Amino acid sequence: SQKIEQNSEALNIQEGKTATLTCNYTNYSPAYLQWYRQDPGRGPVFLLLIRENEKEKRKERLKVTFDTTLKQSLFHITASQPADSATYLCALDNQAGTALIFGKGTTLSVSS
Amino acid sequence: EAGVVQSPRYKIIEKKQPVAFWCNPISGHNTLYWYRQNLGQGPELLIRYENEEAVDDSQLPKDRFSAERLKGVDSTLKIQPAELGDSAVYLCASSLDGKGGYEQYFGPGTRLTVT
């Protein structure tokens, strides 16, 4: 079955540094990969989507890479701010392309 | 544009009681999803609707859970009877299309506590 692993449950960094979160997957090759942000008591919010034929995608201070050989996606937040503190979820489409499978998430804490 | 609306936001019930959650998706979104999210975990799909048709309910515990989406808009998820293990956040999401590659828009969720 499809498995998704996000490298760590928690990541603590200082303001201004670049945060890098990792998402690894096994057992299949998704056509799409998405990243969501979730704040406490709220639903996930879509951030970025990257397709299997795309190596990298950027949006403001966010950058996502997708390495289908390594079966890994990296999510970067440059010039991090305390407001970036949240849980970040990686999600892949299932083999049928009909649903998203989410990782457990990585909780990022940015200290000033 | 209004987002996905869910109610209630919180619900506390005793085990064996019934409970229902309501969702109003973003206008024009054909696909509606119900997810369950346990503490420290990512959301897990329970059921997906394309308009009024349930096209993926393989993860829905059908002995106690039921769902409907009348007229292809609002949806209701019901649990009867509730068990202690059903305590979780129930999230509703919608997307423009159910095919891969479309972002999903989530509601705030209903936090269910079963005592």
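Note that the structure is predicted; figures quoted are calculated from it, not measured. Side chains included, hydrogens not; waters and symmetry mates left out as well; all remaining heavy atoms used.
Counted within 6.0 Å of CG on A:L70, heavy atoms from surrounding residues, nucleotides or ligands total more than 12; the atom is thus considered enclosed. Annotation for B:L84: atom CG counts as buried by contact number, over 12 foreign heavy atoms lying within 6.0 Å.
Between chain A and the residues B:A93, B:P43, B:C92, the most heavy-atom pairs under 4.5 angstrom are made by B:P43. Interface remark: of the candidates A:V45, A:L100, A:L47, A:L49, A:L100 forms the most heavy-atom pairs closer than 4.5 Å to chain B.
Taking all atoms of both residues into account, the shortest heavy-atom contact from A:L89 to B:G42 is CD2-CA, 4.2 Å. Residues B:L45 and A:A99 come closest through the heavy atom pair CD2-CB, 3.5 Å.
A single hydrophobic cluster is seen to contain both A:L62 and A:F66, as judged by linkage of ILVMFWY side chains at heavy-atom distances under 4.5 Å, directly or through other members. Criterion: ILVMFWY side-chain heavy atoms under 4.5 Å apart, direct or through other members. Under it, A:L92 and A:V64 are part of a common hydrophobic cluster. In the hydrophobic cluster analysis, where Ile, Leu, Val, Met, Phe, Trp and Tyr join through side-chain heavy atoms closer than 4.5 angstrom, B:L91 is grouped apart from B:V19. Hydrophobic clustering (ILVMFWY, side-chain heavy atoms < 4.5 Å, transitive): A:L48 and A:L33 are in one cluster. Hydrophobic clustering, with ILVMFWY side chains joined whenever heavy atoms are under 4.5 angstrom apart, groups B:L32 together with B:I79.
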N/O donor-acceptor pairs between chain B and chain A, cut-off 3.5 Å:
residue, atom, partner, partner atom, Å
B:R9, NH2, A:G41, O, 3.1
B:Q37, OE1, A:Q38, NE2, 2.9
B:Q37, NE2, A:Q38, OE1, 3.0
B:R48, NE, A:T98, O, 2.9
B:G100, N, A:G97, O, 3.2
B:Y102, O, A:Q34, NE2, 3.4
B:Q104, N, A:Y36, OH, 3.0

